[in-house]
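Take a look at the structure below.
Quick note on labels: first sequence line is chain A, next is B, and so on, each numbered from 1.
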Amino acid sequence: MTASSVLSAAPVIGASGVLDVLATRHAYVVFALLLCIGLYMMIANPNLIKKLIGLNLFQTAIFLLFVVSAYVEGGAIPIIPAGTEQGAAYASPLPHVIVLTAIVVGVSLTAVGLALCIRIYDEYGTLRADTLRDLMREEGSLPAEVGQEPDAAGVARSDGGETNE
Amino acid sequence: MSEPLPLIELLLPLAVVVPIVAATLPLALGLRYDDVGWSVAAVTSVGLVGIAGAVAAEVYTAGRFAHELGGYQPPVGIELVADELSAAVLVLIAVVAAATLAFSRVAGPRGNAFYSGYLLLTGGLSGVVLTGDLFNLFVFLEIVGLTTYALIAADRSGASAYASLKYLMLGTVGASLYLVGVGYVFLATGSLNMLDLQTQIVEQASYTDPLIQAGFAFIVAGFALKIALFPVHTWQPDAYQRAPDSVTVFVAALVSTAGAYALIRVTYTVFTVDFLLANDAITTVLLVVTGVSILAGSVLAAMQSDLKRMFAYSSVAQFGMIAAAVALANEWALLGGIVHLLGHGLLKFGLFLAAGLLALGYGARRVEDLASLARRAPYTAGSLAVLGLALVGIPPSIGFLGKWYIAFGAVQESGAGGGAVGIGIAAVIFISTLFTLAYVARLIEQLYFAGVGLDDGHGEGVADTDEHGGNVVADGGQAADHDADDPISPKSGAPTTLGVPDRVPTGAFVVLLLATATAVALGFAGATFADLFDPFLSEVFA
């Protein structure tokens, strides 16, 4: 996953002291950046697929946060054979398990989102959110302005309540 | 706390596992038998009602109990906990889930895949309510979210797919923000168990630790998206309107309710009242946001002409009140928040069910479609009116109890030195009640008084209809012979109810009447609610 590739570049390489702190913060800066880029993509990009990619980026940033937090300097992979002496440093396995679960959740979300995109494309022939909104407004399935819904084009019955003879 | 029987303890995992495992059955059995989905769902949800009843009976007699999953001791292992709050919400979920089936049987969507989704959602909701672990809560929230997105799109129209995708984006951002918050709290304390965190936050960090504060802010922002507070509510009206009617009934009653439950749980069990008291700025911001949410939701609801959209915006306002009750950090307000959480679930179930039934039997989807409908569907229209008035908060009804306690708590809080914000919340609730009255009164006016001059309209009495050339549109009159001036007629072939004129299916009709009666009857249960939740409240405000 992207999380692991970013991880290999980001976390603590420095030996100790100030460098260590800086390097640790560096990883968290990447987390914040990815989070913001993902969020910005979701808001600013009109293409639904790119919005989904932004969503993935957003989630990946959170994976990074957890993975970075699990890092223990000089720690080994937390696979501990029976009879190993106590006190050796291991990376914390719990955040990794959390990230693993979160990745599964993210994959299913992406799958559902892409399936919905396919259906939207089948129906309207576009994946641009702005064009889509225009099309839906034309067919009457989206209110023209907030709160003021025009008469749906497909409504067969003319309203009975207002006409007063 | 007495030691519960292991058998009782096992009910907790069963409440989660049974629906989720049963969710595979409609698809698997569907390979051989058609239409097996409804039966599987019915058996499972009746079983869940039994489980929830047994859990509630145990909790309210013997106190809270927990189950350690896989035998791992918390705080390392994950535990499922039933206490006074979670048992009440679990009962609501089980009952509403079972009652929804009476409607979905006739209203669709048909097909086994729908019932698989329905069961997964039910299991996920039980999980949200029962889990005692922050990360586990995230997983269940996402199970709920994923299945809700799928169910909303079950309509097979392009508009519902777009509404669902919109919900997916915002809902996922909400859950992700929650996860960031959990990450921060985890970094500060190294624990994920809710009860353990209660002490760890004080021991490992402090209530004013920036990491804890930021974590809380992220968690609340996440839940705000999930329960649709004002600035981030935009997914909700589309999702509720575009979803198939039976899905709206289910989702509107339970999904945001589970989110609001989680907000109460995390705020009061993990962060505790002391955290809220130590962070005035956070609670003030929260109160302002919820106040705006209450107002905006009510105003937007009053502007709608589509029934389902109107009730959807009304939910924005009602959840604003519940979130305000959480932020007030007052015992009465929290009691009101819990009662309103349950009451709103029940009321919205009833309102969306009534709207769905009127759409099913008469094709009425918009407010003006309701003209004179009380004449053709007196019981369904009457239920809609009574539930609407309960939503306004006319006593005796559960809607009144919740709002009253929240407003009372708000006034008490400002009297106790909380300042103007408490009074502000009480005032906002009052204004919102007026707006709610405005749109409910519009419905009632349409149902009972509109349609003057129509053939079968209101005005000079029933005998008058004979003067119009004998064009009497009796109950069950054919849709074919009605022109523009006719009042709305039952759809040809609409199912009937035995013994009453409403052209709505019997099972769902009985459920609607029961829901209405319950909403009114619970209005007398104020003292009972106070007793039931007293152990939880006194523990929280210890």
Considering all heavy atoms, the nearest A:R119-B:A161 contact: NH2-CB, 3.7 Å
Part of A:F31 lying under 4.5 Å from any heavy atom of chain B: side chain
Candidate list B:T172, B:V180, B:V173, test side-chain contact (heavy atoms from CB on, under 4.5 Å), partner A:F58, passing option: B:V173
Nearest heavy-atom neighbours spanning B:A153 and A:L116: CB-CD2, 3.4 Å
Chain B contact via A:L48 - which portion, at a heavy-atom distance below 4.5 Å: both
Nearest heavy atoms of A:I120 and B:G158, plus distance in Å: CG1-O, 4.5 Å
Taking every non-hydrogen atom, the tightest pair across B:L179 and A:A102: CD2-CB, 4.2 Å
Any side-chain heavy-atom pair of A:I98 and B:V182 under 4.5 Å: no
Validation row: A:L65, B:L187 side chains within 4.5 angstrom (heavy atoms): yes
Which of A:V105, A:L109, A:V112 touches chain B most, by non-hydrogen pairs under 4.5 Å: A:L109
Atom group of A:L52 that falls short of 4.5 Å from chain B, counting heavy atoms: both
Top of B:A150, B:S157, B:A175 for chain A proximity - count of heavy-atom pairs under 4.5 angstrom: B:S157
Atom of B:L165, atom of A:G113 and distance for their closest heavy-atom approach: CD1-O, 3.7 Å
Residue pair A:P95 / B:F186: nearest heavy atoms and the distance that separates them: CG-CE2, 3.6 Å
